Amino acid sequence: MYYIGIDLGSTNTTVGLVDENGNIIEKKEKLTLADRGYNLIVKDIIEICYELFENNNIKTDDIISIGVGSPGASDTKNGVIIYSDNLKFKNVPLSSEIKKYLNVPVFLENNANCAAFGEYIAGAAKNHKYSITVTIGAGVGGGIIIDGKIYNGSNYMGTEIGHMSINADGEKCSCGRKGCWELYVSANAIIREAAITATKYPESKIFEAVNGDIKLINSKIPFDAYEAGDKYAKELIKRYVYYLSVGTANLINIFQPEIITFNGKMSAQSSKLIKPLINQVKNMVYGGALKTKIVITKLGNDAYIIGAAMLGKN
Ligand SMILES: [Zn+2]
């Protein structure tokens, strides 16, 4: 028997056929093109599903359930995307739309929560019933697993850990508050800081890497400059790790998870940061002893698909 896991992203939608142990058998993706409305997106999803069935010689009856990970807040009970800023969706009855074509149970959940669940089922947090996955990309998201279950609050709006303020008088965030964590540790944040550094110090390796064209700075460049021994990049990364550690310690002090996993676009860079991060977090945790393991994702983007697929097993 199999599961279908769908990662409904603002750019791409990926559909995966997943076995009962959380292994992806095959996956395919298409552009989401959210502007055209959800009906056409669902039609694409169904088309890929049938392609996967055919390729792997299976029937609809072999599918236990379908799970969808979507950005924003989803009413998981009724299968409705309540609100997604990224997709520009409001009250979209996604589950019932999918069921029109495929008569199997459909589960819906926030995508960062799916990533956390995927890591718990088959990734770096496997067998850790109390775990947190922090997803660092353009923004910062996260999912919290408590006693082996996704925690999404009393109103499906949990758990926006990127909007935990680490500086009450800090910069203004798009959510309306000041000093949110994602303003300091997202890929966008590091690009913004690197641009400021490069503009101020043309002798820096960050400036050199883009030949002075500041717009070309990406989130990898400051890390490369840091590794090449650039003192300005070193300062920047030091500050970055500090902000990362403040939010991480906050999460540990509230939840005391067994493990925290870092996923998302930044995880490739974050692997270089784990050691300095742990060293700082050690001095910030309540009680003085760090018991929580801090690691990098094992699954990468597949965590979204696997976690969505396994919602039916939750
Ligand atoms: Zn915010």
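The structure presented is a predicted model; accordingly, all values stated were derived computationally and were not measured. Order of listing sets the numbers, starting from 1, for every ligand and every atom in it.
- Inside a sphere of radius 2.8 Å centred on the Zn ion (ligand 1), the protein N/O/S atoms present are H163 ND1, C173 SG, C175 SG, C180 SG.
- Ring centroid separation for the pair Y226 and F223 does not come in under the 6.0 Å cut-off.
- In terms of modelled atom types and a separation under 3.5 Å, the side chain of T135 and the main chain of N263 share no donor-acceptor contact.
- Residue W181 is tested with I136, L251, N167, V246 for a side chain to side chain contact (heavy atoms under 4.5 Å, CB included); the sole match is L251.
- Side chain of N110 to main chain of G72: a donor-acceptor pair is present (N/O by atom type, distance under 3.5 Å, no hydrogens or angles).
- Between E20 and Y3, the closest side-chain pair of non-hydrogen atoms falls below 4.5 Å.
- Both L216 and F207 are part of a single hydrophobic cluster, where members link through side-chain heavy atoms under 4.5 Å apart.
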